[in-house]
Every structure is written in C-alpha cells, then in structure tokens.
There are 2 protein chains.
Amino acid sequence: MSNGVPNDEHEQQKNKILAVARESFTQKGFEATTTRQINKQAGISEGLLYYYFPHGKREILDAIIYQGIVERTKFIGLSFGDVNSVKDIEQQMTGFFDQVWQVFKKEENYQSFMITIRERMLLTDDQSKWLLDLMNTILGSLVEFLTKSFQKLSIDTSNVQQIAEIIMSIFQKVIYDELLIKNDRKTSSAVVAGVEQQIHVLLTLVSK
Amino acid sequence: MSNGVPNDEHEQQKNKILAVARESFTQKGFEATTTRQINKQAGISEGLLYYYFPHGKREILDAIIYQGIVERTKFIGLSFGDVNSVKDIEQQMTGFFDQVWQVFKKEENYQSFMITIRERMLLTDDQSKWLLDLMNTILGSLVEFLTKSFQKLSIDTSNVQQIAEIIMSIFQKVIYDELLIKNDRKTSSAVVAGVEQQIHVLLTLVSK
DNA sequence: GTCTATACTCCGATAGAC
DNA sequence: GTCTATCGGAGTATAGAC
C-alpha cells in the first residue's frame, strides 16, 4: 500500500486469501472453516494471515461481505427505457431479470451472496439490511416505470403497486429457489423461460 | 423406551436436549454451538448427552431436521373446497396462505426451518429436498383447484399453470423475505394484507 | 513480508464410579 | 441413568528469527 497502486503485490496477496476464504465459507460455512486450512489453501504460512488481517477470521468475513455488497449493488444502475407497446414492457422486464440473473452466475457474487444470507446472524444490521434496501429500490423504480408506461398505453394504473409487487415476487421466488434451496446457480434456461411465461401471462391479463 | 409410552421420562430428557439444541442452532448455528453449552443449558452433565445421542451433536442435528420436516409437512392436508364465485377462490387462496403462515409462527417450526436452510450443506440430499417436494405438491393441488374452479366459473383455463405459479411466487417471496432475510416471524398484519391485495388484483385481472 | 514453532484455549468424546 | 474427570486433538493467535 505504500505507492497507492491498487493491484500491487500486497493487494494480490489479500485477494488470494479472500478468494480462498470465500470459497470455503460458501462450502463449509464460516465457523467450520479454520484459519489453518485457509493458510494451507492460500499457500501461506501460519502467521502470515495475521499480517494481512490483524483481526483474523472475522475481519476476513467482514471484507468478503463488504466487497460483495458493493459488487452486487453496481448493476442497479437500471434505467428502463421508453415503451410503445405491452410487448415492450414485457421485454424490459425480462431483460432486467436476465441482468440480475447474470450477476449471480458469477462465482464470486454467488458466493458472497450465500455467505451474507447464511451467516446473517453474525452480521451487523447494516450488513444484513442490504438486500431489503436493494429490493425496495428496485420495487420503487418498477412502480415508476410501470406507471409511466401504463399511462402512455392508456392502461388502468390503479393497481400498479400490486402489479409491481407481483413481478418482484416472480423474480425473487426463482432466485431464492435456485440459489438458497436448490443451491444451483447454473440452472437451465427452463427456469428463465418459466419466468418469462409468467411475466407474459401477467402483462397480457393487465392489458386486456 | 422399555414400555412404549411415548412421553416417558426418557423421551422427555431427549426432547429437553433437542429443544435446547434447536434454540442454539438457530441463534448461533450448528458449528458454533458446543455440546458443553447444550449440556449446561439442558441442566445435564458432561457425559449424559452421549447416553441419549451416542453419535453426538450430529445425531442431534439429524433428529431436529427430521422432526421439523415431519411437523411442517403435516399441514399439507390442504383440501380446497367448492367455489361459486371469484371471491370464493380469493378466500380459499388467502385462507391457505394464513394456514402456512400460522405454521411458521410456531417457534419450533420456525427454528427447524431456519436450521434446515442454513445448514443445508451438512444435510443429505433427501433432507434438503423436502422444501422443493413440498412446493411441488402444493403447486400441483393449486393447478388442480384453479382448473376446476375456472371451468365452473367459465374462465379461460389456458394459462392456469402460470397463474398458479404466480400465486406460489407471491406466497414464497413473503415467507422467504420475512423468515430468511428479515429474520422476523412475528411480522405485522401488513405483510398478510399485502399478500391478500396482490391475490385480489391478480384474480380480478384473471376474471375480467 | 514471510517463515517456524508454539502457547493457550476449548472442543467432542470416553472411562469409569455411583 | 447420571455424574466427575480427563484424554487427545484441533482451533486461534502470537513470538520471534530471518
């Protein structure tokens, strides 16, 4: 850190430790992962871990959680475009879902997500609140987008809040099921297709 | 167990240990819970735990998981009744949701659910598959019920599969959010009201 | 920065008296 | 059935040489 270059050797060593720990925390959990094993897998000796993370395992966990939240929140720059038909709305919705789905396909994001959920009792309120905040932000922009689009297409807007919530439910159910329950982020296109069908049916009903 | 009476002293002791362990596994996790602490909280001495559970902590976990699955699966005797209007469908749906919600309000059910999700990497495939099986069973009866009801009320049945899936999403999203993310099963009636509104809007759209 | 060696604690599990 | 005492091992963290 002496020269301020972000990817100097110091940072590389730290990242190596973080990567090994993230992998193991995901596979075996925080408590079941030992510093000895992290050292071994990272190819470093007993003492060195404490040079990079003076507060030990817990500091490593915090770093992983923090990195993960920052990384996953990046994709939120979601800007819904203009629409001229219901079909357009549908496409924007499924496009947004794909975008979220891609995020969790990245090993690193998937792992820090799983750790954050699994070890939530170890986290501070701030750390564990990120998902709810994220969801609320997304729901907000969804309501805004649907309201604008419905008005333009002369669709009744009185239930727009509930419709947005239903769409969020469709997205979240799939993500929770695949990641938390099935533990399978490589899932087939069948899952994505299912989501798209449900969105299609819902929006068809809305525009009738 | 010599006389076959289900609630003899032997069973009571076992249940005491299980209750203490379940509480601690929920609060601190399986790995972070020590047998010493279970012994202390259960008011028994060092060796006694191994008299009741010869295979130690792991056997206790298995017992908790198994008990929980059995207990939570009981409520599945869901029989949807006859309907004469869309309003009836709506009531049966919200009634079913309330039923599920009540199950998780029971401390014991909530705890074993959380443990099952949280420690899923420790479980056998059989043990971790229960939720998916349960969901599919429910989805099946939902499709059946809606098909029958729609036919009776002369509603288009071509999208009944997707509509059932959407309803499942609405239910599951709330349960996951409240239990896994917010960690708050005592949640206000606002959550239930939100679900009911979404179901209402969806079924109104369907019957138009 | 990186290593070796090790201190110290606590864990799961067992032995054996009662 | 229940207890006390304790073993053997493993965990986190530190000391100190290089």
Side-chain angles (χ1 to χ4, degrees), chain A residues 1-65 115 118-119 121-122, chain B residues 1-65 115 119 121-123:
Chain A
M1 286 301 304
S2 47
N3 54 10
V5 174
N7 244 5
D8 57 5
E9 282 171 37
H10 183 93
E11 289 301 304
Q12 280 182 31
Q13 277 281 46
K14 266 186 111 157
N15 286 332
K16 173 73 181 164
I17 294 171
L18 287 175
V20 166
R22 186 165 41 230
E23 173 77 25
S24 184
F25 289 172
T26 310
Q27 244 55 271
K28 324 202 301 174
F30 174 74
E31 290 288 347
T33 300
T34 68
T35 52
R36 258 196 257 274
Q37 176 216 325
I38 295 174
N39 293 331
K40 195 176 171 186
Q41 283 183 255
I44 61 174
S45 60
E46 273 314 300
L48 194 54
L49 187 145
Y50 292 90
Y51 171 76
Y52 289 103
F53 299 95
H55 301 291
K57 218 169 71 160
R58 174 65 210 221
E59 187 178 352
I60 295 178
L61 178 65
D62 285 337
I64 290 173
I65 300 291
I115 296 167
R118 215 190 99 99
E119 314 293 350
M121 75 266 284
L122 290 176
Chain B
M1 285 305 300
S2 47
N3 55 8
V5 174
N7 244 4
D8 58 6
E9 280 173 38
H10 183 93
E11 288 302 303
Q12 279 184 31
Q13 277 281 46
K14 265 186 112 158
N15 285 333
K16 173 71 181 169
I17 294 171
L18 287 174
V20 166
R22 185 165 42 231
E23 172 77 26
S24 186
F25 289 171
T26 310
Q27 243 58 271
K28 325 202 302 177
F30 174 74
E31 290 289 347
T33 300
T34 69
T35 51
R36 260 194 252 275
Q37 177 216 324
I38 295 174
N39 293 332
K40 194 175 168 187
Q41 284 184 256
I44 61 174
S45 62
E46 272 314 298
L48 194 55
L49 187 145
Y50 291 90
Y51 171 76
Y52 289 103
F53 298 94
H55 302 292
K57 214 169 75 163
R58 175 64 212 221
E59 189 180 350
I60 296 177
L61 177 65
D62 285 336
I64 290 173
I65 301 293
I115 295 167
E119 313 293 351
M121 74 268 284
L122 290 176
L123 309 185

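Order of the sequence lines sets the chain letters (A, B, ...), proteins ahead of strands, with each chain counted from 1.
Straight-line distance from the CD atom of A:Glu31 to the C1' atom of D:dT12: 12 Å, rounded to whole Å. The distance from atom NZ of B:Lys28 to atom C1' of C:dC10 is 12 Å, rounded to the nearest whole Å. For the pair A:Arg36 CZ and D:dA13 C1', the computed distance is 10 Å after rounding to whole Å. Distance, A:Leu49 CG to C:dG1 P: 16 Å, rounded to whole Å. Regarding A:Ile17, its CD1 atom lies at a distance of 14 Å from the P atom of D:dA13, rounded to whole Å. For the pair B:Asn39 CG and C:dC11 P, the interatomic distance rounds to 11 Å; values are reported in whole Å.
When the side-chain nitrogen and oxygen atoms of B:Gln37 are compared with OP1 and OP2 of C:dC11, none of them lie within a distance under 4.0 Å. For D:dG11, the OP1/OP2 oxygens have no side-chain nitrogen or oxygen of A:Thr35 closer than 4.0 Å.
Although no hydrogens or angles enter the test, the distance criterion places a donor-acceptor pair under 3.5 Å between the side chain of B:Glu119 and the main chain of B:Phe30. A:Asn39 contributes no side-chain N or O that, together with a main-chain N or O of A:Ala42, makes up a donor-acceptor pair within less than 3.5 Å.
Within the 4.5 Å cutoff, side-chain heavy atoms of A:Ile44 are placed close to those of A:Gln13. Counting only heavy atoms from C-beta outward, the side chains of B:Leu122 and B:Arg58 approach each other to under 4.5 Å. Side-chain contact between A:Lys16 and A:Val20 is present, with heavy atoms from C-beta onward closer than 4.5 Å. When side chains are defined from C-beta on, B:Phe25 counts as touching B:Lys57, because their heavy atoms get closer than 4.5 Å.
Contacts of B:Ser24 classified as side chain to side chain donor-acceptor pair (under 3.5 Å), with partners at least two apart in sequence or in another chain: B:Thr33, B:Gln37.
Residues from residues 50-64 of chain B with heavy atoms under 4.0 angstrom of DNA chain D, sorted by number: B:Tyr51, B:Tyr52.
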Please produce a list of atom pairs where a protein N or O lies less than 3.5 Å from an N or O of nucleotides 3-5 of chain D.
{"residue": "D:dC3", "atom": "OP2", "partner": "B:Ser45", "partner atom": "N", "Å": "3.0"}
{"residue": "D:dC3", "atom": "OP2", "partner": "B:Ser45", "partner atom": "OG", "Å": "2.8"}
{"residue": "D:dC3", "atom": "O5'", "partner": "B:Ser45", "partner atom": "OG", "Å": "3.3"}

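In this pair, B:Tyr52 and B:His10 present their aromatic rings tilted. The plane angle is within the 30 to 60° band.
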Open item on the list: Run B:Phe53 and B:Lys14 through side chain to side chain contact (heavy atoms under 4.5 Å, CB included) and show every step you take.
Closed with: CA-CA 8 Å; B:Phe53 298 94; B:Lys14 265 186 112 158; 3.7 Å; yes
